[in-house]
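For reference, the structure is listed below as structure tokens.
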Amino acid sequence: MESSPSLGRPQPPYYAVIITTQLRGEETPDYREMSTRMTELGTKQPGYLGRQGMSDSEGRDLSIIYYRDEESIRAWKADLEHLEAQRLGKELWYQSYTVEVARVEREYSFSRATQDDAL
């Protein structure tokens, strides 16, 4: 898939898994280690197209992970190492989380830099 000019996203159609989390307390070394491992493992999954994310100082995190199709999302959700990370997240690290899955049919964007370059 080609990337669109806006933020390096894939060209539609594609799927976006939107994950919002709130940690129970401070980020711990074991959480950071698991998060890093899941990112590394996740990028190697068939159908993975990319990701974006942001965090704040209060332990809230927003991640958007892009996939080619629903089958790719289901396969990642069922990965044994990922299942263990999910279990630990519920037991140890997260106060709350929400996962949303959306199919992106179209995308458009605006960038001041692009407009200024055209002048």
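Because only heavy atoms are used, hydrogens play no part in the values below, and waters and symmetry mates are left out as well, while side chains stay in.
In terms of heavy atoms, R51 sits closest to I65 at NH1-CD1, 3.7 Å. In plain terms, the two heavy atoms of P12 and V104 that are nearest each other are CB-O, 3.7 Å. When every heavy atom of S72 is checked against every heavy atom of Y67, the shortest pair comes out as CB-CD2, 4.0 Å.
For residues 80-96, the salt bridge (charged side-chain N to carboxylate O under 4.0 Å, His left out) pairs, not counting sequence neighbours, are R37-E81, E84-R87, R87-E91.
No donor-acceptor pair under 3.5 Å is formed between the side chain of S55 and the backbone N or O of D61.
Grouping the Ile, Leu, Val, Met, Phe, Trp and Tyr side chains by contacts below 4.5 angstrom, directly or via other members, places V99 with Y31. Linking Ile, Leu, Val, Met, Phe, Trp and Tyr residues whenever their side-chain heavy atoms come within less than 4.5 Å leaves L80 and L88 in two separate clusters.
For R106, there are no side chain to side chain donor-acceptor pair (under 3.5 Å) partners, not counting sequence neighbours. Contacts of E58 classified as salt bridge (Lys or Arg N to Asp or Glu O under 4.0 Å), with partners at least two apart in sequence or in another chain: R60.
Note: I73 CD1 to R68 CZ = 11.0 Å, rounded to the nearest 0.5 Å. Y66 OH to Y14 OH: the interatomic distance, rounded to the nearest 0.5 Å, is 5.5 Å. A distance of 10.0 Å separates CD1 in I19 from OH in Y97, rounded to the nearest 0.5 Å. Between D30 atom CG and L92 atom CG the span is 7.0 Å, to the nearest 0.5 Å. For the atom pair OG1 (T43) and CG (L49), the distance works out to 12.0 Å, reported to the nearest 0.5 Å. Atoms NZ and CG, from K44 and D79 in turn, are 11.5 Å apart once rounded to the nearest 0.5 Å.
Aromatic ring orientation, H82 versus W76: parallel (interplanar angle below 30°, classes split at 30° and 60°).
Within 6.0 Å of OH in Y48 there are more than 12 heavy atoms belonging to other residues, nucleotides or ligands. When the shell of 6.0 Å around CD of E105 is examined, it contains more than 12 heavy atoms from other residues, nucleotides or ligands.
In this structure, Y94 and L23 have side chains that are in contact, with non-hydrogen atoms separated by less than 4.5 Å.
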